[in-house]
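Accompanying notes for the structure given below.
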Amino acid sequence: MPSEPQAAAGRGAAEPQAAEPPPAVESLLTARLTAEVEALDAADPLRAFRDRFTLPEGVLYLDGNSLGALPAHTPERIARMVEQEWGRGLIRSWNEAGWYDLPRGLGDRIAPLVGAAAGQTVVCDSTSVNLFKVLTAALRLRPDRRVIVSELGSFPTDLYLTEGAGVGYDRRLLDRDGDTLEQLLDQDVAVVLLSHVDYRTGRLQDMAAVTELVHRHGALMVWDLCHSVGALPVRLDACEVDFAVGCSYKYLNGGPGSPAFLYAAARHHDAASQPLTGWFGHADPFAFEPGYRPADGIGRFLTGTPPLLSLAGLQAALDLWDEVDLTALRAKSLALTSLFLRLTEPLGLPSLTPQDPEQRGSQVSLRHPQAYAVMQALIERGVIGDFRAPDVLRFGFTPLYLSHAEVRDAAEALREVLVSEVWREPRFAAVAGAVT
Ligand SMILES: Cc1ncc(COP(=O)(O)O)c(C=O)c1O
Ligand SMILES: Nc1c(O)cccc1C(=O)C[C@H](N)C(=O)O
């Protein structure tokens with residue numbers, strides 16, 4: 001078990017290395033910049049959403065790409081489910097409070113965020129479990145092919161699941177077995193699994209072009225949307241994607257451990273079979289038949305009883321998403337990341353995040369040989385981002401609750417930490433074994 005996040009430091013933190021002396025960069029607290037960010041905030045069409053979240057005083061939260069913030073009405077929604085639906089309604093709430101329909105109903109509320117027509121998205125399980133289901137379903141739809149393609153730098157659970165679902169299959173990894181995806185594709189490839197936005201670098205893939213390339217080689221395409229849903233518009237149907245999965249606890253703000261979602265294109269529903277054939281995916285669960293018969297449609301991707309209290313958190317968060325204009329969201333996201341890249345550029349930290357906005361998700365990743373200590377010093381100043389081994393300072397920009405002024409203040413805090421070299425103080429040093 002990892003130790004408590006606040007009690008210890010980074011697993012995989014970089015060994016101490018010499019860091020270059022910091023360049024003498026002037027303070028960002030200038031009248032000119034203040035006027036610029038205030039004008040941007042005044043013109044921000046999403047600024048009213050900030051008040052719909054509860055965030056602690058004195059915190060600049062740049063980690064909504066790992067765990068989203070708390071929507072202000074979520075506690076009331078969860079309390080209602082606990083006190084009324086569970087406490088009073090008891091078992092009747094499966095019908096009367098609509099519990100039974102929530103996995104499909106919330107899936108249909110996520111659908112517009114991922115560009116899916118209704119009836120193709122369900123909320124259930126974790127992203128990892130859903131990856132196992134869709135990878136296996138996709139492999140079964142291509143029985144004559146024996147290769148899974150993925151990317152070496154993917155979030156590790158994705159790679160692990162290509163191993164778990166792909167027992168008996170060969171695996172080819174982009175960046176290890178070939179420089180381009182096209183080099184890895186041939187008539188043996190059954191499935192390609194990629195992240196739409198890379199968790200470490202923030203690089204955004206061209207979903208339409210990649211999916212089309214994969215289909216041209218006769219394979220099926222699975223996208224991991226954990227770092228794109230709620231960060232930018234996604235167009236699953238328009239890109240003719242086969243399967244997709246994603247988290248709801250990051251940009252969607254569903255709450256810690258809130259269940260994931262799974263998309264399967266309607267054209268695959270009849271032929272697709274998934275391996276976790278639990279009773280919630282049965283055609284008639286309450287017939288209590290001894291044999292499994294899959295439900296029609298997307299319902300066959302369900303497995304067991306959903307975590308209702310977590311679904312209540314996601315349900316509350318989706319009330320906000322129902323109101324969000326995704327075009328405005330994307331424009332603000334790019335304005336925030338571009339501002340941060342521009343203001344931190346004089347600090348001389350190499351960026352892993354593409355400068356080209358077309359290739360950028362909603363995060364900025366900067367490299368520093370002592371990134372763990374630098375991030376701890378920032379967190380002490382109330383600027384919460386995260387560290388990704390071995391040397392990445394990762395900053396997530398959530399357009400619903402961040403202002404341009406806060407982005408300037410975060411860049412200024414980073415400047416101060418680097419110029420003062422406060423991060424060298426022993427209390428920021430890494431010790432083994434924490435959640436980062
Ligand atoms: C790209 C990506 N896939 C999957 C996951 C995690 O999946 P799970 O919610 O199953 O832990 C994460 C983050 O934890 C992620 O960043
Ligand atoms: N899911 C997480 C968790 O249970 C603990 C700590 C972090 C996470 C994360 O989500 C990490 C995240 N996917 C990442 O992009 O690094």
Side-chain angles (χ1 to χ4, degrees), residues 1-13 61-69 110 114 123-135 150-165 174 192-205 207 222-232 234 243-263 276 303 306-307 310-311 313-314 352-353 361-365 371-372 375 379 384-398 433-436:
M1 281 288 288
S3 25
E4 288 302 306
Q6 65 276 26
R11 185 199 311 281
Y61 192 57
L62 304 182
D63 215 359
N65 52 336
S66 199
L67 174 64
I110 289 178
V114 294
V123 170
C124 56
D125 306 305
S126 64
T127 301
S128 302
V129 171
N130 288 336
L131 273 168
F132 185 71
K133 292 194 267 193
V134 298
L135 283 171
S150 193
E151 186 170 18
L152 188 59
S154 299
F155 190 75
T157 207
D158 297 44
L159 294 174
Y160 304 157
L161 282 153
T162 61
E163 293 182 35
L174 193 56
V192 176
L193 165 65
L194 293 174
S195 287
H196 192 201
V197 173
D198 184 277
Y199 83 104
R200 194 192 303 266
T201 64
R203 186 197 51 177
L204 171 66
Q205 296 267 12
M207 179 178 277
V222 179
W223 286 104
D224 181 328
L225 306 178
C226 283
H227 291 269
S228 54
V229 65
L232 47 104
V234 179
F243 297 96
V245 295
C247 300
S248 69
Y249 53 72
K250 298 178 190 292
Y251 292 93
L252 293 186
N253 312 305
S258 60
F261 65 89
L262 179 161
Y263 163 92
L276 301 180
T303 297
S310 291
L311 286 179
L314 177 57
L352 288 175
T353 302
S362 201
Q363 73 181 60
V364 172
S365 297
Y372 182 82
M375 185 51 74
I379 292 171
I384 302 182
D386 61 30
F387 158 76
R388 286 290 169 264
D391 60 358
V392 178
L393 295 160
R394 195 175 69 153
F395 302 96
F397 295 88
T398 46
V435 176
T436 57

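Each ligand, and each atom within it, is numbered from 1 in the order the structure gives. Only heavy atoms go into these numbers, but all of them, side chains included; no hydrogens, no water, no symmetry mates.
Between F155 and Y199, the ring planes are perpendicular. Angles over 60° get that label, and only those under 30° would be called parallel.
The closest side-chain heavy-atom distance from Y251 to T398 is below 4.5 Å. Proximity of D125 to F132: side-chain heavy atoms (C-beta onward) are nowhere separated by under 4.5 Å.
Applying the side chain to side chain contact (heavy atoms under 4.5 Å, CB included) test to S248 and every residue at least two apart in sequence or in another chain returns L252, S258, L314. Shown here are the side chain to side chain contact (heavy atoms under 4.5 Å, CB included) partners of S66, two or more places apart in sequence or in another chain: D63, D386, R388, R394.
For ligand 2, residues of the protein lying within 4.0 angstrom by heavy-atom distance are S66, F155, Y199, H227, Y249, K250, R388, R394, V435.
Under the 3.5 Å distance criterion, the side-chain polar atoms of E151 are left unmatched by any main-chain donor or acceptor of L159. Remark: side-chain polar atoms of S228 are not paired, donor with acceptor, to backbone N or O of H196 under 3.5 angstrom. Here the side chain of S365 pairs no donor or acceptor atom with the backbone of T353 at under 3.5 angstrom.
For the pair G246 and A260, the tightest heavy-atom approach, listed with the atom from each and the gap, is O-CB, 3.1 Å.
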As a test of reading the model: which N/O atoms of the protein lie under 3.5 Å from N/O atoms of ligand 1, and at what distance?
residue: ligand 1; atom: 3 (N); partner: D158; partner atom: OD1; Å: 3.3
residue: ligand 1; atom: 3 (N); partner: D224; partner atom: OD2; Å: 2.7
residue: ligand 1; atom: 9 (O); partner: Y249; partner atom: OH; Å: 2.7
residue: ligand 1; atom: 10 (O); partner: T127; partner atom: N; Å: 3.4
residue: ligand 1; atom: 10 (O); partner: S128; partner atom: N; Å: 2.9
residue: ligand 1; atom: 10 (O); partner: S128; partner atom: OG; Å: 2.6
residue: ligand 1; atom: 14 (O); partner: Y249; partner atom: OH; Å: 3.3
residue: ligand 1; atom: 16 (O); partner: H227; partner atom: NE2; Å: 2.7

